[in-house]
Amino acid sequence: MSKPAIATEAKIYVAGHRGMVGGAIVRELQSQGYSNIVTRTHAELDLTNQAAVNAFFAAEKPGYVFLAAAKVGGIHANNVYRGEFIYQNLMIQSNVIHASFVNGVDRLMFLGSSCIYPKEAPQPIKEEYLLTGPLEQTNQPYAIAKISGIEMCWSYNRQYGTKYLAVMPTNLYGPGDNYHPENSHVIPALIRRAHEGKLRGEPEFVVWGTGTPRREFLFCEDMANACVYLMTLAQDEYEFFLHDTRPPLINIGAGEDVTIAALAKTICEVVGYTGKIVFDQSKPDGTMRKLLDVALLKSRGWVAKTALHDGLAVAYEDFKAASCSR
Ligand code: GFB
């Protein structure tokens, strides 16, 4: 492998550094010796405000951008806050991608989600399945915003010669997750419920839906490692992903999936909850299966390292630390 293309003193903007993935990207960059990392909290810079974003880019002139800022949530939040999900994501990504272009950013990485693919996509899901069928209804507003971001990266690459990549992680979890009881994703929600059930000695542990959907889970530190790996590829290796004929889209996943029922059982083991698992079928299942085909990324030399059980143990420690500090 040739030398990474980014100097360790390059100015790197991580949008969304207070989020789970953005925070992990900052830690990964620091651990690899990158010191010139630019961040702004939401209070310091509202990414939905175009004038503020333009002024920030004009002043800071970053060379590299990780666009990890987004309005995200689990199946319930996506379904209920549909207007917020489409508006905020379209605004954030349009402002940051366009300001990156105007200010000559060298490389930009746009983070999306596996929910951009059709609900009934063949499994495992290849990048080429984008826009080949209807989307899952519960998260269509979020998915359409993210698809627009991919199209924007591709269009700017084609018209202006920019070098923007769009990476689509599978369902993520890990330190810094959102543990809200309703609006979170399944792993933080079940960690919290199992922990509280254990403390209260509750006989039953409720899991939404039928337990039969299958999901693939990637530890957020692995995701951050993949993002930095791609961002720092030597020029010819990076440009491998830039084509006129297909979007600059790369799946990032663990390569295997589990049922929600099996996940719930593993979480109970990790947390030490011994009651009975019951399913609340009044809650939606969402997509029945979402397993990414990660052959493209693997062919470029990257694979996930963290086993689900190990990652869940770290996530549970993070949940307990976060609960204590609240
Ligand atoms: O994590 P989750 O909300 O993501 O739900 P999605 C995954 C599965 O877990 C669904 C079930 O089948 C849920 O019904 N589940 C069981 C639960 N118990 C719970 C619970 O207590 N909370 C939650 N949240 N789920 C999201 C998309 O969909 O995935 C987003 O809405 C994004 O757009 C994200 O793509 C990665 O995979 O269903």
Side-chain angles (χ1 to χ4, degrees), residues 19-21 68 70-82 84-86 88-90 93 111-119 121 123 125 130 135-150 166-174 177-197 202 204-220 223 251-254 257-268 271 273 277-292 308 312 315 319:
M20 177 175 70
V21 185
K71 170 85 180 166
V72 299
I75 192 167
H76 174 79
N78 269 269
N79 202 14
V80 173
Y81 306 111
R82 303 177 78 90
E84 289 175 43
F85 272 77
I86 192 159
Q88 290 188 27
N89 286 304
L90 283 174
Q93 68 203 35
L111 277 72
S113 157
S114 56
C115 71
I116 56 154
Y117 292 111
K119 179 182 172 76
Q123 307 286 321
I125 308 170
L130 183 70
L135 298 163
E136 155 63 27
Q137 276 305 306
T138 52
N139 57 31
Q140 182 160 300
Y142 176 78
I144 287 181
K146 289 293 181 184
I147 293 169
S148 302
I150 298 166
V167 294
M168 297 302 124
T170 195
N171 291 34
L172 299 167
Y173 71 99
D177 216 337
N178 162 23
Y179 297 99
H180 188 280
E182 283 179 344
N183 295 334
S184 59
H185 289 103
V186 60
I187 288 182
L190 295 190
I191 285 178
R192 180 184 180 141
R193 213 171 292 144
H195 177 77
E196 291 177 352
E202 284 168 5
E204 287 188 345
F205 172 66
V206 178
V207 176
W208 295 357
T210 59
T212 56
R214 300 185 70 90
R215 291 290 184 277
E216 176 191 18
F217 297 102
L218 181 68
F219 192 49
C220 70
M223 172 63 186
N251 289 342
I252 304 183
D257 60 356
V258 290
T259 64
I260 295 300
L263 172 74
K265 191 163 169 280
T266 308
I267 289 178
C268 288
V271 171
Y273 174 82
I277 297 174
V278 296
F279 295 95
D280 175 0
Q281 298 197 23
S282 70
K283 295 285 199 302
D285 272 338
T287 305
M288 286 314 288
R289 195 171 183 207
K290 244 193 307 184
L291 174 64
L292 291 178
L308 181 60
L312 288 174
F319 167 76

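Just so it is clear, the structure is predicted and the values come from calculations on it, not from any experiment. As the structure lists them, so they are numbered: ligands from 1, and atoms in each ligand from 1. This chain uses plain numbering: 1 for the first residue, then up along the sequence.
- Not close to ligand 1: E136, with no non-hydrogen atom less than 4.0 angstrom away.
- Of the options T287, V186, D285, the smallest heavy-atom separation from atom 10 (C) of ligand 1 is shown by D285.
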List the steps and the verdict of side chain to side chain contact (heavy atoms under 4.5 Å, CB included) for M168 and L130.
-> CA-CA 11 Å; M168 297 302 124; L130 183 70; over 6 Å; no

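- Among protein heavy atoms, atom 4 (O) of ligand 1 sits closest to N171 ND2, 3.6 Å.
- Set against the non-hydrogen atoms of V207, the atoms of ligand 1 under 4.0 Å away are 16 (C), 18 (N).
- R214 contributes no side-chain N or O that, together with a main-chain N or O of L291, makes up a donor-acceptor pair within less than 3.5 Å.
- Classified by interplanar angle (parallel below 30°, tilted 30° to 60°, perpendicular above 60°), the ring pair Y142/F85 is perpendicular.
- Nearest protein heavy-atom neighbour of atom 34 (C) of ligand 1: H185 NE2, 3.2 Å.
- Using a distance-only test at 3.5 Å, with no hydrogens or angles considered, no donor-acceptor pair links the side chain of E182 to the main chain of H76.
- At a heavy-atom distance under 4.0 Å, atoms from both the backbone and the side chain of W208 approach ligand 1.
- Shortest contact from atom 30 (C) of ligand 1 to any protein heavy atom: N78 ND2, 3.4 Å.
- Scanning the protein heavy atoms around atom 3 (O) of ligand 1, the nearest turns out to be I75 N, 2.7 Å.
- Regarding atom 8 (C) of ligand 1, its nearest protein heavy-atom neighbour is I260 CD1, 3.6 Å.
- In this structure, N171 and S114 have side chains that are in contact, with non-hydrogen atoms separated by less than 4.5 Å.
- Near P213, meaning under 4.0 Å from any of its heavy atoms, are these atoms of ligand 1: 12 (O).
- Closest to atom 35 (O) of ligand 1 among all protein heavy atoms lies S113 OG, 2.6 Å.
- By the criterion of a heavy-atom distance under 4.0 Å, neither the backbone nor the side chain of H76 is placed next to ligand 1.
- The closest non-hydrogen atom to atom 24 (N) of ligand 1, taken over S184, P284, G74, comes from S184.
- In the displayed structure, F279 atom CZ is contacted under 6.0 Å by more than 12 heavy atoms of other residues, nucleotides or ligands.
- Here the side chain of Y273 pairs a donor or acceptor atom with the backbone of E202 at under 3.5 angstrom.
- Every atom of ligand 1 with a heavy atom of R193 under 4.0 Å away is listed here by number and element: 20 (C), 21 (O).
- R215 NE, 3.6 Å is the protein heavy atom nearest to atom 6 (P) of ligand 1.
- In this structure, K290 has a heavy atom closer than 4.0 Å to ligand 1.
- With hydrogens and angles ignored, the 3.5 Å screen pairs no side-chain donor or acceptor of D285 with any backbone N or O of G209.
- Counting only heavy atoms from C-beta outward, the side chains of L312 and I267 approach each other to under 4.5 Å.
- Using 4.0 Å as the threshold, K283 has no heavy atom nearer than that to any atom of ligand 1.
- In this structure, A189 counts as a contact residue of ligand 1, since one of its heavy atoms falls inside 4.0 Å of the ligand.
- At a heavy-atom distance under 4.0 Å, only side-chain atoms of N139, from C-beta outward, approach ligand 1.
- The side-chain heavy atoms of M223 and L111, taken from C-beta on, include a pair separated by under 4.5 Å.
- The shortest distance between side-chain heavy atoms of R192 and H180 does not fall below 4.5 Å.
- Shown in contact with G73 at under 4.0 Å from a heavy atom are these atoms of ligand 1, numbered in order with element: 30 (C).
- Side-chain contact between V271 and F205 is absent, with no heavy atoms from C-beta onward closer than 4.5 Å.
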